[in-house]
Amino acid sequence: MRAAIDALGGVVAASPIVASAPLGPSIRRFANAVALIESDEAPLDLLARLKAIEARFGRRRGQRWGARVIDLDIILWSGGSWARPALIVPHIAFRERGFVLGPLAMIVPGWRDPVTNRTIRQLAHAVDRRAPRP
């Protein structure tokens, strides 16, 4: 995992690695981390570079939700929101994923989601709260 973070270049901060249960049908646990990187790349250019890094680490495109060697995503961008057919930033599902929000809150707790204007700390707290019992 650290080798992948190092491959990103421009890393300003990186979270500790945390384990999480899989989403979907995969049977193995996943290691998750987030990195804050500094880059002049436009989101689509950065996405292309992330996909090239995934390929170098052995990722092969295949079954959605299946086991994979590595998965690099753009969660947030300092430019706010970005929407194209190939990429939507902020990542559509990040607000519901504790395995993303927990590590994000460790390095950028005050960063605001440009869609909801809530901080990462607030989003992480909301996803960790238990639902009230009926």
*Test log, rule side-chain contact (heavy atoms from CB on, under 4.5 Å), inputs Arg112 and Gln122*: CA-CA 9 Å; Arg112 290 198 177 270; Gln122 290 169 324; 4.1 Å; yes
_Pair Leu36-Val11, side-chain contact (heavy atoms from CB on, under 4.5 Å): steps then yes or no_ = CA-CA 6 Å; Leu36 174 64; Val11 175; over 6 Å; no
*Could you walk me through whether Ser81 and Val89 pass the side-chain contact (heavy atoms from CB on, under 4.5 Å) test, one step at a time?*
CA-CA 5 Å; Ser81 298; Val89 180; over 6 Å; no
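Taking each heavy atom of Ala31 and Ile17 in turn, the nearest pair found is CB-CG2, 3.7 Å. Listed here is the closest heavy atom pair of Thr119 and Pro109: CB-O, 3.5 Å. For the pair Ala7 and Ile53, the tightest heavy-atom approach, listed with the atom from each and the gap, is O-CD1, 3.7 Å. Scanning all heavy atoms of the two residues, the minimum distance from Ala35 to Ile5 falls at CB-CG2, 4.3 Å.
With a 4.5 Å cut-off on side-chain heavy atoms, Phe94 and Leu101 count as touching. No side-chain heavy atom of His125 sits under 4.5 Å from any side-chain heavy atom of Arg118. For the pair Arg84 and Pro43, the minimum side-chain heavy-atom distance is 4.5 Å or more. Put simply, the side chain of Ile88 does not reach to within 4.5 Å of the side chain of Trp82, judged on heavy atoms. Two residues are said to be in side-chain contact when any heavy atoms from C-beta on lie closer than 4.5 Å; Pro114 and Pro90 meet this criterion. With a 4.5 Å cut-off on side-chain heavy atoms, Val100 and Asn32 do not count as touching.
For the pair Asp73 (side chain) and Ile75 (backbone), a donor-acceptor distance under 3.5 Å is absent. A donor-acceptor pair is defined here as one N or O able to donate and one able to accept, closer than 3.5 Å; such a pair exists between the side chain of Ser15 and the backbone of Val34. Judged purely by atom type and a 3.5 angstrom limit, Arg121 has no side-chain atom pairing as donor or acceptor with the backbone of Gly110. Remark: the backbone N or O of Val127 is not paired with any side-chain donor or acceptor of Glu96 at under 3.5 angstrom.
From Ser20, atom OG reaches atom CZ of Arg97 across 10.0 Å, with rounding to the nearest 0.5 Å. For the atom pair Glu41 CD and Leu47 CG, the distance stands at 10.5 Å (nearest 0.5 Å). For the atom pair CG of Leu104 and CH2 of Trp111, the computed distance is 9.0 Å after rounding to the nearest 0.5 Å. The CD1 atom of Ile70 sits 5.5 Å away from atom CZ of Phe57, with the distance rounded to the nearest 0.5 Å. Here the CZ atom belonging to Arg95 is positioned 5.5 Å from the OG1 atom belonging to Thr116, to the nearest 0.5 angstrom.
Cluster annotation: Trp77 and Val115 are assigned to distinct hydrophobic clusters (Ile/Leu/Val/Met/Phe/Trp/Tyr, side-chain heavy-atom contacts under 4.5 Å, transitive). Tracing side-chain contacts under 4.5 Å through hydrophobic residues (I, L, V, M, F, W, Y), one never reaches Ile92 starting from Leu123; they form parts of separate clusters.
The only option from Leu87, Leu8, Ile74, Asp40 that meets the side chain to side chain contact (heavy atoms under 4.5 Å, CB included) definition with Leu46 turns out to be Ile74.
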